[in-house]
There are 2 protein chains.
Amino acid sequence: MTEIEKTLDNKSVRPTAMRILIYKFMAGKQNAVALTDIENAFEKAERTTLYRTLKTFEEKGIVHQIDDGTNISKFALCQPGCNCEIDQDLHLHFHCGQCDKTVCLTEHKIPHINLPAGYIAEDANLVIKGICDSCSDH
Amino acid sequence: MTEIEKTLDNKSVRPTAMRILIYKFMAGKQNAVALTDIENAFEKAERTTLYRTLKTFEEKGIVHQIDDGTNISKFALCQPGCNCEIDQDLHLHFHCGQCDKTVCLTEHKIPHINLPAGYIAEDANLVIKGICDSCSDH
DNA sequence: AGAGTGGTGCAACAGAAGTGCATTTAATGG
DNA sequence: CCATTAAATGCACTTCTGTTGCACCACTCT
Ligand SMILES: [Mn+2]
Ligand SMILES: [Mn+2]
Ligand SMILES: [Zn+2]
Ligand SMILES: [Zn+2]
C-alpha cells in the first residue's frame, strides 16, 4: 500500500486507479487545478469521472474548492494541518493575472472581519489578484 | 434631463431607454443582481443587450462586477465615493446562503494583507458567506 | 460463484458567457 | 427638417463549464 493509498484510505475514499492518478497529478502541481486541466493531462480521462472524483475528494476533505474570480472552479489538495471540513481553514488564495495560475497561500489566514449587526459569518473567501513570484522578476 | 441621465452622461455613456431602465432597476435593488435577474425583470429584454450594457457600465465605472462564489457574476451600482476604476474600492461583499442574495458592504474595506516576497497585489476580492440580516432574526 | 455496493463511461442537458452580423436608433451637420 | 453616420440593439449561433441519468464494470463479502 503506497503513501497515497493510505491517505485516501484514511479519508474513507476507496483508492481506485483513477483516483490515485488524479491525486498524484494534483500533488505534483504547485498551483490549483481546474477540472479541464486534469482532463487535458490524461488522454483517457472522462470529464464526469473527474468531476465526481473531485466532488468526493472535497466531501472527504482531501481537496478544497477554490473560487478565484475566473468563474472556473479550481481545486487544490488540502494541506496536512488544514481542517477544511470542520472550521474552514481560511487561508487566502492568489491569482496571477499573467500566468493565470492560482495558488494557496496556506500560511496567510483571512483576518477576522467585524460585520454589521444581524450578519452571521459562516465562511469566507479572500482572493488577491496580481503578479505571482514566478512572473515578477523578484 | 433626469438625474439618471445626468449620471450616465457624466460617465460618457449615452443614456438610451434600455440603459436608463437597467440603471433604475439596479438602483431600486438593495442587493447585487445577475444578468438573469435583469432579464427576468423585463419581458422585452435581450440577454445580449443586457450583457453589453453591463460591460459598458463596468468599463465606465458605473457598476462593479462581483464574484460571490456562486460562479454567477453579479453586478452592483458603484457608490458615489467608490473609485472602482482607479485604485479599486476594496469593500467586501456578503453572500447569504439562505436568500442567496449578495450585498455590498461598502463601509467595510478589505484589510491590507502582507504577501510573500515576489507577490504583487493589484486587486482583492473578499466575500463573506453566511446569513444576512434579513434572514437572521436579529 | 452470486449478490450487492460503489465507481466509471457515455450521452445528453442546462446555464452562463461570448461573438458575428444585420437592423434599428439616435446624435450631428447641412 | 432631412440625410448621414456611428453607436446601440436584436437575433442566431457557438463555446465552455457544470450537472444528471442510466447502463455497465469492478471489487468485496458471504
Ligand atoms: Mn487553498
Ligand atoms: Mn460592491
Ligand atoms: Zn504568475
Ligand atoms: Zn439572506
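So you know, we letter chains A, B, ... as the sequences are listed, proteins then strands, and number each from 1.
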Smallest heavy-atom separation, D37(B) atom then F25(B) atom, equals O-CZ, 4.0 Å
Using whole Å, what does the distance between atom P of nucleotide dT5(C) and atom CZ of R14(A) come to?
12 Å
At under 4.0 Å, does any side-chain N or O of T16(B) touch on OP1 or OP2 of dT9(D)?
yes
Measure across L35(A) and L50(A) and return the closest heavy-atom pair with its distance rounded to 0.1 Å.
O-CD1, 4.1 Å
Separation of atom CZ in R19(A) from atom P in dA26(D), rounded to whole Å:
15 Å
Any side-chain N or O of T36(B) less than 4.0 Å from the OP1 or OP2 oxygen of dA16(C)?
yes
Start at the 5' end of DNA chain D and walk down; is the nucleotide closest to I72(A) or to T56(B) reached first?
T56(B)
Please examine the side chains of T56(A) and I62(A), heavy atoms only from C-beta on, and report whether any two atoms are closer than 4.5 Å.
no
Check the distance between dT8(C)'s P and L35(A)'s CG and give it to me in whole angstrom.
14 Å
Degree of bending in the helix from dA1(C)-dT30(D) to dG30(C)-dC1(D) once both end axes are built from five pairs, to 10°
20°
Quick check on contacts: within residues 39-53 of chain A, what sits under 4.0 Å from DNA chain D by heavy-atom distance?
R47(A), T48(A), Y51(A), R52(A)
With respect to the phosphate group of dA17(C), does any side-chain polar atom (N or O) of S73(B) fall under 4.0 Å of OP1 or OP2?
yes
Shortest non-hydrogen pair, P15(A) vs I20(A), comes out as O-CD1, 3.7 Å
Between CG of D100(B) and C1' of dG15(C) the distance, given in whole Å, is 15 Å
Between dT8(C) atom C1' and F57(A) atom CZ, what is the distance in whole Å?
14 Å
Quick check against the 3.5 Å criterion: does S136(A) have a side-chain atom that pairs as donor or acceptor with the backbone of G118(B)?
yes
Both M18(A) and N71(B) contact DNA chain C. Which one's nearest nucleotide lies toward the 5' end?
M18(A)
Which nucleotide in the set dT20(D), dG18(D), dG7(C) lies at the smallest distance from any side-chain heavy atom of K55(A)?
dT20(D)
Pick one: which of E107(B), H64(B), H108(B) meets side chain to side chain donor-acceptor pair (under 3.5 Å) with H91(B)?
H64(B)
Using a cut-off of 6.0 Å, state whether more than 12 heavy atoms not belonging to K101(B) lie near its atom NZ.
no
I need the CG-P distance between L8(B) and dA26(C), as an integer number of Å.
14 Å
Nearest whole angstrom, please: distance from the C1' of dT9(D) to the CD1 of I38(B).
16 Å
Looking only at heavy atoms, which two atoms of T102(B) and D68(B) are closest? And how far apart?
OG1-OD2, 2.5 Å
Would you find more than 12 non-hydrogen atoms of other residues, nucleotides or ligands less than 6.0 Å from K109(B) atom NZ?
yes
Take atom CD1 of I20(B) and atom C1' of dA8(D), then tell me their distance rounded to the nearest Å.
13 Å
